[in-house]
**Student:** 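One structure, as structure tokens, below. Some questions next.
Each residue takes its place number in the sequence, starting with 1.
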Amino acid sequence: MTATEETTKHDVIDRLTTTFDYHDPEYTPETAEIINRVIRDRTPVAYSPAHGGMWVLSRYEDVKAALRDHETFSSAEGVHFPRAKGMPPFTPIDFDPPEQARIRALMAPPMKKKAIRDLESRVRALAAELIPPIVERGHGDLVAELSQPFAISALGLALGLSDETQHEIRAMTNTMWRYLSTEPDASRFWGQYQPILAGEIRRARENPGDHYLSWLANVRVDGEFLSDDLLCSIMVSYCVAGHANTMNTVNRVLWCLGKDVDLQYRVRREPKLLTQLPDEALRRWCPTDRFTRVTTRDVTIRDITIPKGSRVVLIFDSANRDPEQFPDPEEFSVDRANSHLHLTYGHGIHRCLGEHFARMEFKVLLSEIARHPVFRLTEEPPVHFDNGRHIIFDRLMVRFGETGGPYGETGLQADASPTG
């Protein structure tokens, strides 16, 4: 980096530390980690005038307390901010009790432990189908050929989505994130998403089957079907959250493995790493950087009073790298004893509904890829933010086999790291 580029980077960090704005074009995966850390270390309860004003919490203890106190930190005005008018709420995260509990119960069946156990063999077969063609060729893009189809197809198995809708999910999600916080209304993107989901609901009612979507579309509450608006809201939440975070985490885990062949051999020898590795990756590189809440009363944190009605940003990335909770937090260590305490799955009543399903997916995919030769990165993968919060790998190019090194013959620097 040249002196001019270094100065520019420092200027960006200084500006966005003072006026925090995760939708600023210069808030990138590269700068975000630094900005989030500086805010946490300097001003753990910070105020930014961006988007009409918002408060920022970045310490582990404070973020966790806010997640636990849903009565003070409400989700009912939407956790995504800013947000295009006309976009339906995401269920159940955009609801407070008692509606939140009612909707969560409707969403729970495919994410219960028995349902996940029953589905595990089919998810394993999916991984076993996707991996060998890449290995046999000897090289490939693990985003396009593995993580993306794996995450979407596994979700389709859990919900009962048609092949046609599965093929549309990634494009629809990309469009939604692109415009959710930049368009004045949701018609530009929701008009494309809603008819596809409505078609799935219609299919499930006309041709009921033995899957969750069929049950959901036909269940009656107080003698009535669920409204189409609620059904679409549930489906869009599942389609987006159910594949994007899984895909992004799988990419991060594969990236970690691709630059550390010794770690790949450890995964083969130590089954405990099938859970410890994803947890540490989720802690160190939170795939969803933040959520927001709105205060229902004046609340004092660290001697600073946040007024009633304030938008509050909870930075998960910063909380997960708080040295008071995680010693040497910048270090990625699969032997860290408390990685599982990360806040990436949330906390309190809104803790991720699909946590156990995601853990099964990670375990299955890691165990299946460990059955094949080791692989190495052939280039440093480009990453970017979707909607200022989802860290996306554009590609993950690898080569399988013992010969050669990461990035060809040049070797991989120990500190090389797509930030986020």
**Student:** Restricting to side chain to side chain contact (heavy atoms under 4.5 Å, CB included), what partner residues turn up for Lys272, sequence neighbours left out?
**Tutor:** Glu270, Gln276

**Student:** For Pro109, give me all partners under side chain to side chain contact (heavy atoms under 4.5 Å, CB included), at least two apart in sequence or on another chain.
**Tutor:** Tyr212, Trp215

**Student:** Residues two or more places apart in sequence or in another chain: which of them pass side chain to side chain donor-acceptor pair (under 3.5 Å) with Arg137?
**Tutor:** Glu145

**Student:** Roughly how far, to the nearest 0.5 Å, is CD1 of Ile315 from CZ of Arg40?
**Tutor:** 9.5 Å

**Student:** To the nearest 0.5 Å, what is the distance between CD1 on Ile93 and CZ on Arg104?
**Tutor:** 9.0 Å

**Student:** Can you run down the side chain to side chain donor-acceptor pair (under 3.5 Å) pairs that involve residues 45-54, sequence neighbours left out, and say none if there aren't any?
**Tutor:** Asp21-His51

**Student:** Could you give all pairs that pass the salt bridge (Lys or Arg N to Asp or Glu O under 4.0 Å) test and reach residues 227-237, with sequence neighbours left out?
**Tutor:** Arg205-Asp228

**Student:** If you define the side chain from C-beta out and look only at heavy atoms, does anything of Leu16 sit under 4.5 Å from Asp24?
**Tutor:** yes

**Student:** Applying salt bridge (Lys or Arg N to Asp or Glu O under 4.0 Å), which residue pairs with at least one partner in residues 157-170 are found, sequence neighbours left out?
**Tutor:** Arg170-Asp386

**Student:** How about His211 and Pro110: do any of their side-chain heavy atoms sit closer than 4.5 Å?
**Tutor:** no

**Student:** Between atom CZ of Arg37 and atom CG of Asp41, what is the distance when rounded to the nearest 0.5 Å?
**Tutor:** 7.0 Å

**Student:** With side chain to side chain donor-acceptor pair (under 3.5 Å) as the criterion, how do His384 and Asp394 come out once you've worked through the C-alpha distance, each side chain's angles and the decisive distance to 0.1 Å?
**Tutor:** CA-CA 7 Å; His384 70 276; Asp394 296 329; 2.6 Å; yes

**Student:** Where does the angle between the aromatic ring planes of Trp255 and Trp285 fall among parallel (under 30°), tilted (30 to 60°) and perpendicular (over 60°)?
**Tutor:** perpendicular

**Student:** Could you tell me if the ring centre of Trp177 sits under 6.0 Å from that of His80?
**Tutor:** yes

**Student:** Less than 4.5 Å apart, side chain to side chain, heavy atoms only: is that true for Cys239 and Leu197?
**Tutor:** yes

**Student:** Nearest 0.5 Å please: distance from the CD1 atom of Ile369 over to the CZ atom of Arg371.
**Tutor:** 11.5 Å

**Student:** Quick check on the 6.0 Å ring-centre criterion: do Phe375 and His372 meet it?
**Tutor:** no

**Student:** Test of understanding: with side chain to side chain donor-acceptor pair (under 3.5 Å), list the residues that count as partners of Thr91, not counting sequence neighbours.
**Tutor:** Ser237

**Student:** Report, one line per pair, each donor and acceptor closer than 3.5 Å where one atom sits in a side chain of residues 351-359; sequence neighbours left out.
**Tutor:**
| from | atom 1 | to | atom 2 | distance (Å) |
| --- | --- | --- | --- | --- |
| Arg351 | NE | Glu355 | OE1 | 2.7 |
| Arg351 | NH1 | Gly346 | O | 3.0 |
| Arg351 | NH2 | Glu355 | OE1 | 3.3 |
| Arg351 | NH2 | Glu355 | OE2 | 3.2 |
| Glu355 | OE2 | Arg359 | NE | 3.2 |
| Glu355 | OE2 | Arg359 | NH2 | 3.2 |
| Arg359 | NH1 | Asp279 | OD1 | 3.2 |
| Arg359 | NH1 | Asp279 | OD2 | 3.0 |
| Arg359 | NH2 | Asp279 | OD1 | 3.4 |

**Student:** For the residue pair Phe20 and Tyr27, is the inter-centroid distance of their aromatic rings smaller than 6.0 Å?
**Tutor:** yes

**Student:** Quick one: which residue pairs count as a ring pair (Phe, Tyr, Trp, His ring centres under 6.0 Å) with a foot in residues 100-157, not counting sequence neighbours?
**Tutor:** none

**Student:** With sequence neighbours left out, what residues match Asn218 under side chain to side chain donor-acceptor pair (under 3.5 Å)?
**Tutor:** none

**Student:** Taking the side chain as C-beta and beyond, is there a heavy-atom pair between Glu324 and Pro327 under 4.5 Å?
**Tutor:** no

**Student:** Which atom names give the shortest non-hydrogen contact between Arg336 and Ser339, and what distance separates them?
**Tutor:** CB-OG, 3.3 Å

**Student:** Output yes when Lys64 and Asp69 qualify as a salt bridge under the 4.0 Å nitrogen-oxygen rule, no when they do not.
**Tutor:** no

**Student:** Who pairs with Lys113 by salt bridge (Lys or Arg N to Asp or Glu O under 4.0 Å), at least two apart in sequence or on another chain?
**Tutor:** none

**Student:** Can you confirm whether Ser233 sits close enough to Phe90 that some side-chain heavy atom of one is under 4.5 Å from a side-chain heavy atom of the other?
**Tutor:** no

**Student:** Side chains of Asn245 and Thr288: donor-acceptor distance under 3.5 Å anywhere?
**Tutor:** yes

**Student:** Taking the side chain as C-beta and beyond, is there a heavy-atom pair between Val236 and Met172 under 4.5 Å?
**Tutor:** no

**Student:** Salt bridge or not for Glu33 and Arg284, using N-O below 4.0 Å?
**Tutor:** yes

**Student:** Under the criterion side chain to side chain contact (heavy atoms under 4.5 Å, CB included), I'd like the reasoning laid out for Phe332 against Leu263: C-alpha separation, chi angles, the key distance, then a yes or no.
**Tutor:** CA-CA 12 Å; Phe332 169 72; Leu263 181 58; 4.2 Å; yes

**Student:** Answer yes or no: is there a side-chain heavy-atom contact under 4.5 Å between Phe393 and Leu142?
**Tutor:** no

**Student:** Answer with yes or no whether the side chains of Ser367 and Arg124 bring together a donor and an acceptor at under 3.5 Å.
**Tutor:** yes

**Student:** Provide the closest heavy-atom pair for Val374 versus Gln264 in the form atom of the first, atom of the second, distance.
**Tutor:** CA-OE1, 3.2 Å

**Student:** Please report the C-alpha distance between Leu161 and Ile152 in whole Å, then the side-chain angles of each, then the deciding distance to 0.1 Å, and finally whether the side chain to side chain contact (heavy atoms under 4.5 Å, CB included) criterion is met.
**Tutor:** CA-CA 10 Å; Leu161 295 174; Ile152 292 174; over 6 Å; no

**Student:** Regarding Arg283 and the six-membered ring of Phe326, is the cationic atom NZ or CZ under 6.0 Å from the ring centre and inside 45° of its axis?
**Tutor:** yes

**Student:** Tell me whether Glu120 is salt-bridged to Arg117, with the criterion being a basic N under 4.0 Å from an acidic carboxylate O.
**Tutor:** no

**Student:** Do Asn320 and Thr344 have side-chain N/O donor and acceptor atoms under 3.5 Å apart?
**Tutor:** yes

**Student:** Under 4.0 Å between a side-chain nitrogen and a carboxylate oxygen: does that hold for Lys112 and Asp118?
**Tutor:** no

**Student:** Yes or no on side chain to side chain contact (heavy atoms under 4.5 Å, CB included) for Leu277 and Phe362, after CA distance, side-chain angles and deciding distance?
**Tutor:** CA-CA 9 Å; Leu277 171 55; Phe362 302 147; over 6 Å; no

**Student:** Which residues pass the salt bridge (Lys or Arg N to Asp or Glu O under 4.0 Å) test with Arg102, not counting sequence neighbours?
**Tutor:** none

**Student:** Is the closest basic N to carboxylate O distance between Lys9 and Glu30 below 4.0 Å?
**Tutor:** yes

**Student:** Start with the C-alpha gap between Arg311 and Thr292, add the side-chain angles, then the distance that decides, and say whether side chain to side chain donor-acceptor pair (under 3.5 Å) holds.
**Tutor:** CA-CA 7 Å; Arg311 180 69 63 168; Thr292 75; 2.9 Å; yes

**Student:** Determine, for Glu77 against Arg293, whether the closest basic-nitrogen to carboxylate-oxygen distance falls under 4.0 angstrom.
**Tutor:** no

**Student:** Step by step, would you call Glu280 with Ser333 a side chain to side chain donor-acceptor pair (under 3.5 Å)?
**Tutor:** CA-CA 7 Å; Glu280 175 65 352; Ser333 173; 5.4 Å; no

**Student:** I would like to know whether Gln100 and His70 meet side chain to side chain contact (heavy atoms under 4.5 Å, CB included); could you show each step before the answer?
**Tutor:** CA-CA 11 Å; Gln100 180 269 348; His70 61 270; over 6 Å; no

**Student:** Under a 4.5 Å cut-off applied to non-hydrogen side-chain atoms, are Arg290 and Asp317 in contact?
**Tutor:** no

**Student:** For the pair Arg15 and Asp11, find out whether any cationic side-chain nitrogen is under 4.0 Å from an anionic carboxylate oxygen.
**Tutor:** no

